[in-house]
Every structure is written in structure tokens, then in C-alpha cells.
> 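Sending over a structure as C-alpha cells; questions will come in a sec.
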Number of protein chains: 2
Amino acid sequence: MSLTGLEPAKTSKGEQTRAVILETALELFRERGYEETTMRAIAERAEVSLGNAYYYFKSKEHLIQAFYSRLQDAHHAASVGILESERDLKPRLLGVMRAMIVTTEPYHRFAGVLFRTAADPESPLNPFSPESEPARRQSIELFTRVVEGSKARVPSDLKQELPYLLWLYHMGVTLFWIHDSSPGTRRTYRLIDRTVDIVVKLISLASNPLMRPLRKAALALVVELRESDS
Amino acid sequence: MSLTGLEPAKTSKGEQTRAVILETALELFRERGYEETTMRAIAERAEVSLGNAYYYFKSKEHLIQAFYSRLQDAHHAASVGILESERDLKPRLLGVMRAMIVTTEPYHRFAGVLFRTAADPESPLNPFSPESEPARRQSIELFTRVVEGSKARVPSDLKQELPYLLWLYHMGVTLFWIHDSSPGTRRTYRLIDRTVDIVVKLISLASNPLMRPLRKAALALVVELRESDS
DNA sequence: GTCTATAACCGGATAGAC
DNA sequence: GTCTATCCGGTTATAGAC
């Protein structure tokens, strides 16, 4: 519960007020962007006092957190279709990556802020922070399904770390997308098409017995990196 | 000029005031961290008025920018030793990477903010932004020297992009370092030791004629990515 | 044109009454 | 749970001295 930033809202009254504030905030973020939206403006349009808005969301950043967890659910929902109908690794990955862009598209403009706060090691929004562990786990879990549900044959040591590696890959694509100002973020779609192809080729290359030593070295490293998150 | 954030300060008097403000700011940042240091506190200790501080630095962020460009010079200076004495690619890269951590160490605490602002697509500090093109070029240039000065044999298509790729690699290491709270950032040093090894192995793997198609595909992609920065 | 200072504005955040 | 009043700090406007 506390994990999704949905702390209060015990009574239905509170739940409702909380929802109104969040909805209004997202609306304003979409309209004018994050920096340009003041807490006062949110409170005003939501018809609550400023103090009340802060009662439900400890800070402006906490509104982002709530938004982020919602986004993730949407991405999940948008991905199930392909995951249920497709067995090949490549189209599975492709589908999930495209679904991500499609669901986040309306918020492209204010995604920059999301990423900025996420990059702060101190921020609870940081994808490597303990606070966001559940969100991270959920996201990685999606990539576990991408791999597990496919008929691709992958050595077990790699298979174990692959979801995490794909999650990292998806973070990189997200970073690119945030900076992508091409119409309809075409460039991001092209990036996905190209990189998914390369990723799949790399997986099959890494699965080659000749690659075993290098693969082992690289995977040992990945495992060690992962220790830092928890 | 405007690029390093060193705009005003034509006269020696102004230059001096400017330097005092920057020095004081960095001192306070080290003492209490970034958020906890107010512009008013900086102005007070530097014995100038608040308005005056803003005359020299358009915003608090611009202080970071000045700091960043200074860091980069220090890294450069700390790297020349190895680059002049060593011909093997691996120790060259290792030396440059270690030099980076050594020079930035004293600012580890407030590096998080640096990175946070750098992650904002709108920020001039963003390493992919046009404003930081000179800084980026300078940094990539360092890796060009790492490659060019070595006796490693690398196919020319890869050799061309390698400095950029190594620069990306160094950004990744930096990201890790920022989150590294182990004593003396030991984990980062270990990461460097391990990844440099892997990177060098990957370069030699990618240089294999059998890898040509995959290498070509990957490099074409890298080139395309680079178009977005300028 | 270079520099310095004072006063105010604006918005995120908090305290405390109801 | 909700409000009003207030604080605090980044930033700006402005006026004037050298």
C-alpha cells in the first residue's frame, strides 16, 4: 500500500478527494507541463485548499509517483495481448516495447521530469531505490514473462538474468524516447525495431558454447551489480 | 565562452568576485550538500549581496555547470600520465577510468544533484544537449586519445565509433558510482576493473571477421543515435 | 558598459485552528 | 479531513554607483 504512494484514503470520502486531486494534477500536467503547473493551480481546479492537497500528497513529486505506478499498470495491460498470442521471442519483445511507447505517449511532454527525479539517488522515485523495489519487481516480472513464454532456447545462466537485462534495455529505450522530439516519436519506434533485432541476435550469439567464458564473466558482473539494489 | 557559463567577468575585479562566489559555493556544497545550501548563504559567506551573486551566475544550476567544467579539466589532467606512458589499450582505459573516480571523489556527496539536473532533457547540463556539446566533445576526445594512442588493432568502422561508445560506457560507470555508497567507493573500482576487461574482450570479439554483419548493424544504429545529439 | 545593492515576487512546503 | 496563514528560498526587477 504505502508502496504505491496511496497512503491515506481510508474512508470513501478521502479516497474520492484523493482521486480528484490526482486526476486534476495529471490533467494539468498534460495541459501545461510539470513545472508550469503549480500546486495552487491543482488545488484550485480540484476545488480543495492548498493544505488539503498536501494532506494527500506529501509533495509535488509524490504526484509523479502515483502517476508512475498507474502508467506501469497500463503498460502491463497493453502487453498481455501479444504475450498470449505469440511464442517467438522477437515479436514478443517487440510487442512489449511498442506497447510501452504507446501507453506513455500522452505524457511524453512531462516524462522528462519523471526521469529527472528518477535519476536522483535520493529520490524515492529512483528505479534502483528500495522504495521502488515493488515497482521494479513488477516491471522485471513482465520481461520474465516475455522470456519464459517464448520458445527460444537460452542457456539457463543467461535465462536467469535475461529479464533484468531486458529491463535495463527498456530503461535505455525510455531514456532515448524522452529525448526524442521527432513527430510521433518515429525515431523511437525505429530504434526499437532495430535494437530488438540486435538484442535477439546477441542472445543467440551469447548462447553459443564458444561464448561460454565471456558470458560467464559478464553474467557474474551483472549479478554483482544487482546486489546493490536489493 | 557562454558555454562554460563564464559569461561576465571582463575586468579583473569582476573575475575575482566571480571566483570568490564559485569557490564559496563549492565549499558550502561540500560542507552541507546542494539542497541545504541557499543562495543567500553563499552570498553572505562570499561577502556579496544576493543580487550580485545572481549577476555572476544566472541560477543556482549555473554554479553546477561551472563546477562540472572544472571537474572535466581535472580529469583530463589526471589522465595524461597514463596516456603518455602506456601503449596497451586495456591499461590505458583502466587508467583513465580510475582517474575519473579519483578526481570526482571529493564531490561524491553532491554528485547526485549534478546527475539529476543532467538527466533533465531541458537542462543545459544534459550531456546530450546542444549547450554541452563542447564539453561532450572534449570528453569524447579523451577517449579518442585512449584508442588512437594504443597499439590495439581495430577495424576502421568500429574504431571511428569507439570513442563515443567508450564515452557512453564511462557515463554508465558514473551512474553506478553516484549510487555507490560502499566505503571508498570500492565497488566502483571493482566494477571498473571487471568491465574494462569485458569491454576490451568485446572489442576484440567484435573485430573478428565473422562478426562483421552484426557489427555493421550495431554500428549503423550507433551512428543514427548520434544524429540526435549534434 | 561594468558592477553592486535592495526590495519584491512566486511557488513549494508547513503549522496549527477548526 | 479541511482550511487559513505563514515561512522559506530561488529568482527577478530595479535603481543607481563606478
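The chains referred to below are lettered A, B, ... by the order of the sequence lines, with proteins before strands, and numbering in each begins at 1.
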> Do any pairs count as a salt bridge (charged side-chain N to carboxylate O under 4.0 Å, His left out) and have a residue in residues 164-173 of chain B, sequence neighbours left out, and if so which ones?
none

> A:Tyr56 side chain: which of D:dG1, C:dT4, D:dC3 is closest?
D:dG1

> Of all the heavy-atom pairs spanning A:Thr24 and A:Ala46, show the shortest one and how long it is.
OG1-CB, 3.6 Å

> How does protein reach along nucleotides 6-13 of chain D, written 5' to 3' as B (base within reach of a heavy atom under 4.0 Å), S (only sugar-phosphate), or - (no contact)?
---BBBB-

> A:Thr185: which residues meet the side chain to side chain contact (heavy atoms under 4.5 Å, CB included) condition with it, sequence neighbours left out?
A:Ile101, A:Glu105, A:His108, A:Trp177, A:Asp180, A:Thr188, A:Tyr189

> Please determine if a side-chain N or O atom of A:Tyr55 lies less than 4.0 Å away from the OP1 or OP2 oxygen of D:dG1.
yes

> Between side-chain atoms of residues 169-176 of chain A and protein atoms elsewhere (two or more places apart, or another chain), which donor-acceptor pairs fall under 3.5 Å?
{"unit_1": "A:Tyr169", "atom_1": "OH", "unit_2": "A:Thr195", "atom_2": "OG1", "d": "2.7"}
{"unit_1": "A:His170", "atom_1": "ND1", "unit_2": "A:Trp167", "atom_2": "O", "d": "2.8"}
{"unit_1": "A:Thr174", "atom_1": "OG1", "unit_2": "A:His170", "atom_2": "O", "d": "2.7"}

> Output the rounded distance in Å from CD (A:Glu36) to P (C:dG12).
11 Å

> How close or far is atom P of C:dG12 from atom CD1 of A:Ile64, stated in whole angstroms?
12 Å

> Output the rounded distance in Å from CD (A:Gln16) to C1' (D:dG1).
14 Å

> Considering only residues two or more places apart or on different chains, which pairs with a residue in residues 37-51 of chain B satisfy salt bridge (charged side-chain N to carboxylate O under 4.0 Å, His left out)?
B:Glu27-B:Arg45, B:Glu31-B:Arg45

> I need the CD1-P distance between A:Ile21 and D:dG1, as an integer number of Å.
11 Å

> Using a strict threshold of under 4.0 Å (side-chain N to carboxylate O), is an ion pair present between B:Glu133 and B:Arg137?
yes

> Rounded to whole angstrom units, what separation is found between the CG atom of A:Leu63 and the C1' atom of C:dA13?
13 Å

> Quick one: salt bridge (charged side-chain N to carboxylate O under 4.0 Å, His left out) partners of B:Asp197, sequence neighbours excluded?
B:Lys90, B:Lys201

> Let me know the distance between CZ of A:Phe57 and C1' of C:dG12, rounded to the nearest Å.
16 Å

> Among all residues two or more places apart in sequence or in another chain, which pass the salt bridge (charged side-chain N to carboxylate O under 4.0 Å, His left out) test with A:Arg70?
A:Glu23

> Just to verify, what does A:Pro91 make a side chain to side chain contact (heavy atoms under 4.5 Å, CB included) with, not counting sequence neighbours?
A:Glu86, A:Asp88

> In whole angstroms, how far is the P atom of C:dT2 from the CD atom of B:Glu15?
13 Å

> Name all residues meeting the side chain to side chain contact (heavy atoms under 4.5 Å, CB included) criterion together with B:Glu35; count only those two or more places apart in sequence or in a different chain, and write none if there are none.
B:Arg116

> I want to check one thing: is the phosphate of D:dG1, taken as OP1 and OP2, less than 4.0 Å away from some side-chain N or O of A:Asn52?
no

> Among residues two or more places apart or on two chains, list those pairs meeting ring-ring contact (aromatic ring centres under 6.0 Å, His included) that have a residue in residues 19-40 of chain A.
A:Phe29-A:Tyr34, A:Phe29-A:Phe110

> Are any protein N/O atoms closer than 3.5 Å to N/O atoms in nucleotides 16-18 of chain D? If there are, list each pair with its distance.
none

> Counting only heavy atoms and a strict 4.0 angstrom limit, can you tell me which residues of residues 24-33 of chain A come near DNA chain C?
none

